[in-house]
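The structure appears below as C-alpha cells.
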Amino acid sequence: MLDDGTTTLAVVVLDSLGAGPEVLDEAKEIASKTTGIPADKMLVSSTHTHTGPPSNAKDGPAPAVAYRKLLVAGVAESIVKAHAALRPAAVGAAAHPLPDEVFNRRWFLKPGKMPLNPFGRLDQVKMNPGTSPDVLDHPAGPTDPDITIISVQDLKRKPIALYANYSLHYVGGVPEGQMSADYFGEFARVMPSRVRGDENFVAMMSNGTSGDINNIPFNVVRPPREPFEQIRIVAQKSADTAWFAYQKIQMHRSDVRLGMRQRMIKLKYRRPTAEQVAEAKAVLAVKDKEAIAKLPRLAQNYARSTINAAEREEDTVTVKLQAIRIGDLAVCAIPFETFVETGLDLKKRSPFPQTLVVGLANARHGYLPTPEQHKLGGYETWLGTNQVQEDTSVILTDNLLEMLAELKKEG
Ligand SMILES: [Zn+2]
C-alpha cells in the first residue's frame with residue numbers, strides 16, 4: 001500500500017491460477033468499507049500458479065466453497081493490515097534481466113511436422129512442441145528478460161516491501177495432487193534474505209506478460225529435476241536478479257507522486273461462423289470410440305467450445321484496465337494471459353522511464369494474443385482458449401497509453 005497524502009493505492013498479489021472479478025470485487029468492497037480506499041485504487045493480480053485451489057466455488061466440494069470465503073477474507077485482510085501499517089517510507093524502482101528462465105513456447109516447425117489442430121486445420125505455429133531438433137524450426141516471438149522491482153523502505157532504509165514482476169507463465173514440477181504457490185511463493189520466501197528483511201517485510205512476485213512464455217528450454221535438454229527443484233532454482237535466480245535490480249536503485253524517494261486510473265472497456269465476444277458451427281456439430285455427432293480416436297486431438301473439446309461461443313447470450317464483456325504511477329515508474333494491469341509482445345510494446349511506448357506490465361490482473365478473461373499472433377494460429381488463439389475480438393490487445397494497449405499520458409500530465 002502506498003499513500004502520497006492525496007492518493008492511496010493497494011497492490012496485492014494472490015496465489016491463484018486466475019481469480020475472477022466477482023470474487024475480487026467482493027474482497028475489494030470489504031477492504032474499501034474498512035479503509036475508505038476506493039475499490040478502483042486496488043490492483044489484485046493472480047500469480048497463475050497451476051497448483052492452487054479453485055477461486056470461485058460457490059457450490060460443490062466443501063473445501064473449495066470454504067476456500068472461496070478464505071480467499072475473499074484474506075485479500076481484504078491483506079489490504080486492511082497494510083493500511084493499518086502505513087508509515088513514512090521511500091520508494092525506488094529498477095529492472096535487471098534474467099534471460100535464461102524465459103522461453104517463447106510458440107514455434108514454427110520443420111516442414112511436414114505440424115499436426116492438425118482440433119478444428120482439423122494446420123496452424124503455422126505450435127505451442128509446447130517438444131524439444132526435438134528434427135521438429136523445431138524457430139520460435140514465433142520474443143521474450144521479455146527483465147525482472148522489474150518496486151522497493152519500499154522506511155526512512156532508516158530498512159526494507160518494508162519488494163514487488164517484483166517477471167514474464168514467466170509458471171514453473172511447475174509439483175507432484176500430482178499437491179498444492180504449491182510455485183516459484184512466486186518460493187521467491188517471496190527467499191527474497192527477505194537478499195535484502196535483510198525482517199519478519200514484517202513482504203516480498204511479492206507478480207506475473208508479467210507471459211501468455212506465450214514458459215520455463216521449457218526447447219532447444220536444449222535440461223537434466224531431470226526432483227519435485228519442486230526447478231521451482232527453487234527459478235526462485236533463487238529471480239531473487240538474485242531482484243537483488244541486482246535493488247542495487248541499481250540510486251535513491252529511494254519519499255516525495256514521489258502517486259496516481260491511479262481505471263477504465264472499463266467493452267469488448268466483443270468472438271462468434272463462430274455458421275460453417276464452424278456446422279463442423280463442430282459434425283464432430284460432436286461422432287459417438288463411436290474408434291472414430292473419436294481418429295479425430296484430431298481435443299477435437300470434441302473445442303467443438304463444444306465452438307457451440308458454447310455460438311450460444312452465448314451476451315455479445316460483449318466489460319473488462320477492467322488499470323494504470324498506476326509511482327513517481328517515474330508506471331504499472332499497467334491487464335486482466336488476460338497477456339502475450340509478451342504486448343508487454344514489450346507498452347514498455348517501449350510508455351511515457352514513463354520505467355514501466356512494468358502485470359497480467360492476470362483483477363480477472364482472467366482467457367488468452368490475449370496480438371492480431372499478428374492470431375494469424376499464426378496455435379493453442380492460445382483457438383476459439384475457446386481465446387474468447388474476445390482479435391484486435392483486443394490493440395484496444396487495450398491504446399487505452400493504457402492514454403491512461404499513462406493522463407497520469408504523466410498530472411505530475
Ligand atoms: Zn496459462
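Read the numbers this way: they start at 1 and go in the same order the structure lists the ligands and their atoms. The structure presented is a predicted model; accordingly, all values stated were derived computationally and were not measured.
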Practice task
Verify the distance criterion only: is there a donor paired with an acceptor across the side chains of Asn128 and Arg105 at less than 3.5 Å?
Solution key: no

Problem - His50 N/O/S atom closer than 2.8 Å to the Zn ion (ligand 1) - result: no

Completion exercise
the Zn ion (ligand 1) has as its nearest N, O or S atom from Glu337 the atom OE1

Counting only pairs under 3.5 Å, give me each side-chain donor-acceptor contact of residues 193-201, with atom names and distances, residues two or more places apart or in other chains.
{"unit_1": "Ser193", "atom_1": "OG", "unit_2": "Val190", "atom_2": "O", "d": "2.5"}
{"unit_1": "Arg194", "atom_1": "NE", "unit_2": "Asp240", "atom_2": "OD1", "d": "2.7"}
{"unit_1": "Arg194", "atom_1": "NH2", "unit_2": "Asp240", "atom_2": "OD1", "d": "3.2"}
{"unit_1": "Asp198", "atom_1": "OD1", "unit_2": "Asn200", "atom_2": "N", "d": "2.9"}
{"unit_1": "Asp198", "atom_1": "OD1", "unit_2": "Phe201", "atom_2": "N", "d": "3.3"}
{"unit_1": "Asp198", "atom_1": "OD2", "unit_2": "Lys158", "atom_2": "NZ", "d": "3.0"}

Exercise for the section: With the Zn ion (ligand 1) at the centre, find the angle made by NE2 from His48 and NE2 from His169, to 10°. Expected result: 90°

Completion exercise
Which of Asn214, Asn207, Asp212 passes side-chain hydrogen bond (donor to acceptor under 3.5 Å, both in side chains) with Ser210? Answer is Asn207

Exercise for the section: Output every pair passing ring-ring contact (aromatic ring centres under 6.0 Å, His included) with a member in residues 49-68, not counting sequence neighbours, ordered by first then second residue. Expected result: His48-His50, His50-His169, His50-Tyr170

